[in-house]
Amino acid sequence: MGREDLLKPERRKSFHVPLSRRALPLDTASLAHYLIGTILVRELPEGIVSGTIVETEAYIIGDAAGHAFRGMTKRNRSLFLERGHAYVYLAYGTSFMLNVSSEVPGVGAGVLIRALEPREGIPIMRINRGIERLRDLARGPGRLAAALRIDAELDGCDLCRRGPLWLARGDRKVGEIGQSMRIGISRDADRLLRFYLRGSPYVSGLRSLNQ
DNA sequence: AGTGCGATTGACT
DNA sequence: GTCAATCGCACTA
């Protein structure tokens, strides 16, 4: 390790600590709350891209709005993996969405990652997104997937181990976490299963849902 | 085989 | 504020 690395710990790959699977709450809604303030790390050939998770949604067991509601299919099988695995799917034929599987093996449920506060690799994110504005780089589930170049190839990967995509412990105090209805769904829409960092400009959704 | 509909986004009136 | 893009899946026949 060079002197540069010692002086700038944030540039070291080893700076971030993967989340321990044992530490992940076993309940989907609890996991959605827990993930606020943790760090999503993407390893690309050009370098590390990462962001602090500021918004999530829980799709709990038996949820009529969840993709696992009608049982396992080719697309949603990753939702049934042990908690801490990636479920990536294409929404509207245009945007990839990243979920974290959330229950015991064989039970389908997950947490949708909806927004990040950009952290490392911001120039790479700007190229991936084709825009400049920092606030919009990863504000929205499809946008964050594009910023981190997340696609179906990452479906099923273990997010509790270093690799192409993984989750790391947050290193700052997490602010107040708000709760609201989930965005963009019709069934079971009234349940308060969306979690967000109150006051963060990097959170998506209507202003009325962010108070 | 055909139809309808999304856990969205970006462009446009 | 409206709306099209574009694809996988559920559902019907």
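So that the names make sense, note that chain A is the first sequence line, chain B the second, and so on, each numbered from 1.
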Sugar-phosphate, base or nothing in reach of A/Arg114, heavy atoms under 4.0 Å: sugar-phosphate
A/Arg194 side-chain N/O to A/Glu55 backbone N/O, donor-acceptor pair under 3.5 Å: no
Protein-nucleotide distance (A/Leu193, atom CG; B/dA7, atom C1'), rounded to Å: 12 Å
A/Arg42 side chain vs A/Arg149 backbone, donor-acceptor pair below 3.5 Å: yes
Spacing between A/Tyr92 atom OH and B/dG4 atom P, to the nearest angstrom: 17 Å
Sugar-phosphate only, base, or nothing, as touched by A/Asn76 at under 4.0 Å among non-hydrogen atoms: nothing
Of A/Ile183 and A/Ile131, the one whose closest DNA chain B nucleotide lies more 5': A/Ile183
Pairwise C1' distance for C/dC3 and B/dC5, with rounding to whole Å: 16 Å
Interatomic distance, A/Tyr89 OH vs B/dT9 C1' [rounded to whole Å]: 13 Å
A/Ser50 versus A/Glu120, side-chain donor and acceptor atoms under 3.5 Å: yes
Flag, side chain of A/Arg129 to backbone of A/Ile124, donor-acceptor distance under 3.5 Å: no
Length of the NE2-P vector between A/His67 and B/dC5, whole Å: 16 Å
Same cluster (ILVMFWY, side-chain, under 4.5 Å), A/Leu90 and A/Leu144: yes
N/O (side chain, A/Arg75) to phosphate O (OP1/OP2, B/dA7) under 4.0 Å: no
Donor-acceptor side-chain pairing of A/Ser204 and A/Arg114 below 3.5 angstrom: yes
Linked, directly or transitively: A/Leu40 and A/Leu134 (ILVMFWY side chains, under 4.5 Å): yes
Distance in angstrom units between A/Arg139 CZ and B/dA7 C1', rounded: 17 Å
Separation between the P atoms of B/dG4 and C/dA4, rounded to whole Å: 15 Å
Atom-pair distance (CD1 on A/Ile60; P on B/dA7), nearest Å: 16 Å
Covered region of DNA chain C, 5' end to 3' end, by chain A [heavy atoms, under 4.0 Å]: C/dA5 to C/dC11
For atom CD of A/Glu55 and atom P of B/dT8, their distance in whole Å: 10 Å
Salt-bridge contact A/Asp171-A/Arg119 (side-chain N to carboxylate O under 4.0 Å): yes
Sugar-phosphate only, base, or nothing, as touched by A/Leu90 at under 4.0 Å among non-hydrogen atoms: sugar-phosphate
Touch class at under 4.0 angstrom, heavy-atom based, for A/Ala91 against every strand present: nothing
Sugar-phosphate, base or nothing in reach of A/Thr94, heavy atoms under 4.0 Å: base
d(CZ, A/Arg182; C1', B/dT8) in whole Å: 17 Å
Least distance between heavy atoms, A/Thr28 atom then A/Ser102 atom: OG1-OG, 2.8 Å
A/Arg129 side-chain N/O to B/dT9 phosphate OP1/OP2 under 4.0 Å: no
Pairing stems for DNA chain C [at least three consecutive pairs; Watson-Crick or G-U; under 3.5 angstrom]: B:1-6 with C:7-12, B:8-12 with C:1-5
Close aromatic pair by centroid cut-off 6.0 Å: A/Tyr59 and A/His67: no
